[in-house]
Amino acid sequence: MNKQELKNKILEAKKATDTVILAHTYQEPDIIDIADVTGDSFFLSKKAAELKAKRVVMCGVRFMAESVKILSPETETILPVAAATCPMAEQIAPERVRKFKEENPDTEVVAYINTTAALKAECDVCVTSSSAIKIVKKLDADEILFIPDQHLGSFVQKSVPEKKLIFWDGYCPVHAQLTKEDVLKCKAEHPDAVFAVHPESPKEVVELADMVGATSEIISYAKAQKGKVIIGTERGVVDYLAINEENGDRFIQLAPEKLCCEDMKKITLEDVYKAIIGEGGEKIELDEDLRKKALKSINRMLELG
Ligand code: 13P
Ligand code: SF4
């Protein structure tokens with residue numbers, strides 16, 4: 001079967017089984033092509049809450065599929081490849097957060113959406129990269145434990161100097177590889193380009209940027225520019241812009257050898273097809289108590305963000 005035939009089979013099976021396919025922008029272009037809804041973490045969370053679909057196949061990483069299940073427990077939620085996980089989401093044991101809260105009852109715990117459901121259940125509120133600053137500003141506490149991404153945390157701290165953020169030593173293994181030298185080299189090759197970067201990148205990289213933002217914000221910014229834009233995030237964003245925008249070659253991938261999230265690329269069209277017809281993938285199941293606790297943190301994020 002060629003690729004187009006497989007895509008057609010996916011579209012038929014999707015319709016026949018009343019399945020909605022969600023896909024994060026970092027997915028391969030072929031997956032984006034067959035998805036019903038695409039976007040960044042915040043957009044997909046909002047959509048999952050609104051959809052109330054019977055079945056969802058979540059093309060992304062495990063925490064994204066868990067977010068769908070937390071928000072829509074009645075929805076049968078399938079992650080097409082069980083091994084597609086975000087390494088950052090598991091960089092803290094939930095028990096350590098619980099212990100921290102017992103010892104520091106006045107400190108609010110803010111968890112990046114890139115965390116397991118078990119971690120979300122221990123925190124006070126979730127944030128995404130596009131909503132973090134807005135939400136942290138609105139919290140009552142003066143002291144905040146920000147988990148797990150130290151780089152996003154330090155980016156937020158800069159915009160919210162009135163609060164004291166305590167960081168964990170977590171990081172995204174993809175964005176954290178970026179160096180100042182990568183940026184300077186790319187800027188030297190494209191001296192007329194502006195530079196947009198994801199806040200999961202190290203501080204010295206963020207400092208060189210003309211714009212810092214989440215996936216959706218980088219896309220909007222890049223579209224609005226007339227000339228070249230260096231994109232400092234996962235290469236799916238450049239693939240997306242190259243396909244959907246005119247003059248696609250004006251979007252320059254920063255450090256292409258580094259900015260590829262292998263976990264985000266694990267899902268293939270075959271995996272999606274098998275997940276839809278019930279022959280593959282993992283059905284997400286969550287303990288109901290844990291789900292309700294995690295839901296509180298996500299709902300607070302949706303209210304404040
Ligand atoms: P967004 O919140 O921008 O979608 O990012 C998700 C992610 O995994 C970034 O590495
Ligand atoms: Fe996780 Fe980083 Fe991959 Fe995003 S790019 S899913 S934060 S490892």
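For the single chain, residues carry numbers from 1 onward in sequence order. Each ligand, and each atom within it, is numbered from 1 in the order the structure gives. As the structure is a prediction and not an experimental result, all values here were calculated from the model.
Between the side chains of E12 and N8, no donor-acceptor pair of N or O atoms lies under 3.5 Å. Inspection of the T107 and E143 side chains reveals an N or O donor paired with an N or O acceptor under 3.5 Å. Side-chain atoms of S130 and T128 form a donor-acceptor pair, as typed in the model, at a separation below 3.5 Å. H151 and S201 form no side-chain donor-acceptor contact under 3.5 Å, judged by distance and modelled atom types alone.
Atom NZ of K138 sits in a crowded spot, with more than 12 heavy atoms from other residues, nucleotides or ligands closer than 6.0 Å. Residue-environment remark: OH (Y171) stays at or below the threshold of 12 foreign heavy atoms within 6.0 Å. More than 12 heavy atoms of other residues, nucleotides or ligands lie within 6.0 Å of NZ in K258, so this atom counts as buried by the packing criterion.
The closest protein non-hydrogen atom to atom 3 (O) of ligand 1 is T215 OG1, 2.7 Å. When hydrogens are left out, the protein atom nearest atom 5 (O) of ligand 1 is H198 NE2, 3.5 Å; that is the closest non-hydrogen contact. Looking only at protein heavy atoms, the nearest one to atom 6 (C) of ligand 1 is S41 OG, 3.4 Å. For atom 10 (O) of ligand 1, the closest non-hydrogen atom on the protein side is E200 OE1, 2.8 Å. Here the heavy atom of the protein found nearest to atom 2 (O) of ligand 1 is S129 OG, 3.1 Å.
Within the 4.0 Å heavy-atom shell around ligand 1 one does not find C86. Residue contacts with ligand 1 do not include E234, since none of its heavy atoms lies under 4.0 Å from the ligand. The closest approach between F43 and ligand 1 stays at or above 4.0 Å for every heavy atom of the residue. Ligand 1 lies nowhere less than 4.0 angstrom from a heavy atom belonging to M88.
With hydrogens and angles ignored, the 3.5 Å screen pairs no side-chain donor or acceptor of R62 with any backbone N or O of C86.
Below 3.5 Å of separation, one finds an N or O of H24 facing an N or O of ligand 1. Taking only nitrogen or oxygen atoms, main chain and side chain alike, T128 does not reach within less than 3.5 Å of ligand 1.
Near N114, with a cut-off below 4.0 Å to any heavy atom, the atoms of ligand 1 are 7 (C), 8 (O). The contact set between ligand 2 and E200, taken as ligand atoms under 4.0 Å from a residue heavy atom, comprises 2 (Fe), 7 (S).
Using a 4.0 Å cut-off between charged side-chain N and carboxylate O, E103 and K99 make a salt bridge. The pair K266-D263 meets the salt-bridge criterion, with a side-chain N (NZ, NE, NH1 or NH2) lying under 4.0 Å from an Asp/Glu carboxylate O. Salt-bridge check for E28 with R235: passed, with a basic side-chain N closer than 4.0 Å to an acidic carboxylate O. Salt bridge K9/E5: absent, no basic N to carboxylate O contact under 4.0 Å.
Shown are the protein N/O/S atoms under 2.8 Å from atom 3 (Fe) of ligand 2, given by residue and atom: C261 SG.
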